[in-house]
Colleague: 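Just dropping this structure here.
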Amino acid sequence: MPENSLHRSVARHSVARRSVLAGTAATAAVAALAGPLSPKAAAASFGYSDDGSNYVVDTGANLVLKVSKTNGDLTSLVYKGTEYQGYGGKNSHIESGLGTSTVSIEQSGSTILISVAYGTLKLYYAARSGENNVYVWTNKADTSVSATRYILRVKAGLFLNDEPDSYTYAPTTIEASDVFAKADGQTRSKHFSKLRVIDYDYIGWTTGSVGLYMVRSNHEKASGGPFYRSLLRHQSADGGGLYEILYYGQNQTESERFGLQGPYVIALTDGGAPSSALHSANLDTSWADSLGLSGYVAASGRGRVAGVGITGRDTSYAYTVGLANSAAQYWGSARASDGYFSIAKVLPGTYTLTVFKGELAVTTQSVTVTAGATTTLNSLAIPSSNDPSNAPAIWRVNDWNGTPGGFKNADLMTYAHPSDVRAASWTGNVVIGSGTETSAFPCYLWKDVNSGLTVYFKLTAAQAAAAHTLRIGVTTAYANGRPQVVVNDAWTSAIPSPPTQPATRSLTNGSYRGNNHTFTYSVPASAWLTDTGAYNTLKIYVVSGSGTTSYLSAGTAVDAIDLLV
């Protein structure tokens with residue numbers, strides 16, 4: 001499942017050793033060489049100029065940047081004399097670039113702000129004296145402008161990368177125009193990020209002596225929640241890209257949110273990780289309070305939610321508390337010892353508070369946040385019936401936590417295509433009591449690949465004399481794929497109605513995250529074998545009238561399956 005650690009890979013090449021990093025809070029202790037906590041350089045040259053086509057900003061440290069006066073593109077990013085911005089004749093910008101825009105610049109003390117207006121869209125770049133950072137905000141007010149991502153384009157050859165999200169050395173296209181295979185059968189795609197939003201604070205590359213990173217914003221105006229995955233970075237023969245994506249249509253579970261988002265920070269360092277002071281949870285932007293950013297809400301206009309604790313938890317799992325409404329989203333981790341949580345910097349409003357066991361929602365309630373105040377909640381209780389793991393079962397394959405973690409190929413599927421040579425066979429049957437039930441059960445089921453998977457199990461005479469409920473939990477589906485079951489080739493369930501799920505690809509581009517749903521089947525006593533020494537058979541088929549073939553046939557991701565007493 002998603003890794004909460006610093007990811008490094010070393011490309012074997014005749015030039016100097018270089019590596020790629022994806023950061024988490026756990027890596028904040030790495031030497032910080034950028035941001036508000038770094039020693040201020042002598043900023044004698046801090047200021048800006050106009051070269052006719054661009055506004056040119058010198059931070060007075062080691063960074064000089066240029067922004068187009070025509071469309072707001074970032075056209076140059078020079079650090080210690082080396083140009084890092086751009087590839088294929090393209091600049092860094094919102095989406096694929098804006099059209100003719102109104103671009104202005106203003107210096108306010110130790111801050112220089114470049115403002116870009118394109119229709120209802122507002123884009124801001126801020127530079128601070130003595131810092132090697134570029135602070136970026138986006139305000140998308142409505143759907144009239146497509147502006148859900150910022151891409152920092154980076155020249156080829158500066159950072160070598162053979163991470164799973166790279167397709168530099170993957171010449172064969174195997175799906176759409178964005179999933180590729182290397183000669184050895186390993187797959188690559190810019191979609192294969194491994195990380196959920198909650199797992200990282202920054203992404204980027206380092207040579208050991210120079211680091212270039214995108215430090216993500218708090219995603220309060222993004223969509224999909226804490227467990228969402230989308231593009232983070234890519235590399236091709238042309239160059240690399242670092243992304244801040246606020247709304248991505250692939251495998252999306254929520255409607256788009258609008259308003260000011262940021263800052264996300266382009267940070268350059270002497271090779272170390274960006275300062276933890278730049279992480280969204282820690283970032284102090286009081287210096288921006290008076291800049292006049294459209295939609296900006298200072299810390300004084302925000303509130304906090306704190307919970308004394310959460311009871312009814314399974315302490316073997318991590319719990320996350322999320323806040324969401326149509327305007328904003330936030331989340332925080334519950335303390336392992338007692339479930340205490342605190343979520344700060346929240347815009348005023350009424351939110352649905354959801355407690356997640358792993359990625360499975362186990363309780364919700366409404367909470368109202370007031371500017372300048374803390375909403376304190378008494379200990380939250382998770383009703384026993386809300387956690388499906390509490391239901392007594394004759395047998396259970398995997399545990400209920402909202403993810404396919406533990407099932408066959410589950411770890412690999414966040415950074416590889418199902419056809420990847422590293423994947424174990426998607427077919428094969430499962431025997432209850434073998435000790436390998438979970439590891440033998442494939443995390444994904446497809447109509448055209450492994451439909452008809454068979455589970456073998458025995459029942460006692462008393463168990464066989466009664467009707468039982470069978471449950472199959474899923475985390476997402478593609479093309480309305482859902483399970484229909486057959487017991488002992490004698491009883492066939494009805495075809496269940498498809499739950500609401502994202503309509504785009506998911507299982508083949510690194511994401512199992514959709515809408516958790518539980519299918520229940522009431523199996524009559526007449527379906528069971530009366531011979532207690534014989535194995536009952538449960539066949540699971542994937543049914544749908546949609547999808548195409550192979551791994552793009554209708555499919556679903558499995559959370560858990562059990563037979564209740």
Side-chain angles (χ1 to χ4, degrees), residues 3-9 18-41 43 57 59-65 74 77-80 82 84-85 92 110-111 125-137 150-154 158-159 161 163 165 193-219 231-233 235 240-245 261-288 345:
E3 298 177 17
N4 296 323
S5 61
L6 188 67
H7 297 289
R8 297 180 180 268
S9 73
R18 296 179 171 104
S19 62
V20 60
L21 297 118
T24 69
T27 64
V30 178
L33 295 172
L37 296 186
S38 61
K40 295 290 183 181
V57 178
T59 67
N62 295 300
L63 180 63
V64 178
L65 62 131
L74 180 66
L77 192 70
V78 175
Y79 179 66
K80 292 187 174 180
T82 299
Y84 286 89
Q85 193 287 133
S92 301
S110 59
T111 301
Y125 299 94
R128 301 272 288 157
S129 176
E131 293 187 16
N132 296 315
N133 306 311
V134 183
Y135 299 85
V136 189
W137 285 265
Y150 190 94
I151 178 171
L152 175 65
R153 301 185 191 274
V154 182
L158 297 175
F159 302 98
N161 175 19
E163 274 288 286
D165 57 355
S193 66
K194 276 191 180 181
L195 304 175
R196 309 167 299 176
V197 177
I198 197 174
D199 295 326
Y200 73 96
D201 291 303
Y202 58 88
I203 44 92
W205 300 286
T206 181
T207 66
S209 58
V210 174
L212 176 57
Y213 303 94
M214 179 75 77
V215 186
R216 74 163 174 84
S217 65
N218 68 353
H219 279 224
L231 281 66
L232 298 182
R233 61 188 167 204
Q235 280 233 7
L242 300 179
Y243 297 89
E244 168 78 344
I245 293 184
Q261 177 64 62
Y264 40 101
V265 186
I266 301 168
L268 289 114
T269 77
D270 288 339
S275 169
S276 60
L278 293 175
H279 297 179
S280 61
N282 307 325
L283 186 60
D284 178 4
T285 59
S286 57
W287 52 267
K345 304 178 182 178

Colleague: Spell out, as yes or no, whether a donor-acceptor pair under 3.5 Å connects the side chain of Thr59 to the backbone of Glu131.
Modeller: yes
Colleague: Taking Asn282 for the side chain and Ser276 for the main chain, is one N or O donor matched with an acceptor at less than 3.5 Å?
Modeller: yes
Colleague: Going by atom types alone, do Ser92 and Gln85 pair a side-chain donor with an acceptor below 3.5 Å?
Modeller: yes
Colleague: Residues in side-chain contact (heavy atoms from CB on, under 4.5 Å) with Lys80, at least two apart?
Modeller: Asn62, Asp270
Colleague: Report yes or no: is the cationic atom of Arg233 (NZ for Lys, CZ for Arg) closer than 6.0 Å to the six-membered ring centre of Tyr243, at no more than 45° off its axis?
Modeller: no
Colleague: If you look at every heavy atom in Pro263 and Leu283, which pair is closest and at what distance?
Modeller: CG-CD2, 3.5 Å
Colleague: Looking at CG of Leu152 and CG of Leu77, how far apart are the two atoms once the value is rounded to the nearest 0.5 Å?
Modeller: 6.5 Å
Colleague: With side chains defined as the heavy atoms from C-beta onward, is the minimum distance between Thr269 and Asn132 less than 4.5 Å?
Modeller: no
Colleague: Would you please name every residue forming a side chain to side chain donor-acceptor pair (under 3.5 Å) with Ser217, sequence neighbours left out?
Modeller: Glu244, Gln261
Colleague: As an exercise, state the distance from CD1 of Ile266 to CG of Leu65, rounded to the nearest 0.5 Å.
Modeller: 8.5 Å
Colleague: Could you tell me whether the side chain of Val134 reaches within less than 4.5 Å of the side chain of Leu63, counting heavy atoms only?
Modeller: yes
Colleague: What closest approach, in Å, do Ala126 and Thr111 show between heavy atoms, and which atom pair accounts for it?
Modeller: CB-CG2, 4.3 Å
Colleague: Using 30° and 60° as the class boundaries, would you call the ring planes of Tyr213 and Tyr202 parallel, tilted or perpendicular?
Modeller: perpendicular
Colleague: Closer than 3.5 angstrom, by distance alone: can the side chain of Asp199 be matched with the main-chain N or O of Arg196 as a donor-acceptor pair?
Modeller: yes
Colleague: State, with a plain yes or no, whether a side-chain heavy atom of Val215 is found less than 4.5 Å away from one of Pro274.
Modeller: yes
Colleague: When rounded to the nearest 0.5 angstrom, what distance separates CD1 in Ile245 from CG in Leu232?
Modeller: 7.5 Å
Colleague: Please examine the side chains of Leu231 and Ile151, heavy atoms only from C-beta on, and report whether any two atoms are closer than 4.5 Å.
Modeller: no
Colleague: Within a strict 4.5 Å, meaning less than it, do heavy atoms of the Tyr84 and Val78 side chains meet?
Modeller: no
Colleague: For Tyr125, what residues pass the ring-ring contact (aromatic ring centres under 6.0 Å, His included) criterion, not counting sequence neighbours?
Modeller: none
Colleague: List the steps and the verdict of ring-ring contact (aromatic ring centres under 6.0 Å, His included) for Trp287 and Tyr135.
Modeller: CA-CA 12 Å; Trp287 52 267; Tyr135 299 85; 4.9 Å; yes
Colleague: Kindly indicate whether the side chain of Val154, heavy atoms from C-beta on, has any atom under 4.5 Å from the side chain of Phe159.
Modeller: yes
Colleague: Can you name the residues that form a side chain to side chain donor-acceptor pair (under 3.5 Å) with Ser110, not counting sequence neighbours?
Modeller: Arg128
Colleague: Return the CG to CG distance between Asn218 and Asp201, rounded to the nearest 0.5 Å.
Modeller: 11.5 Å
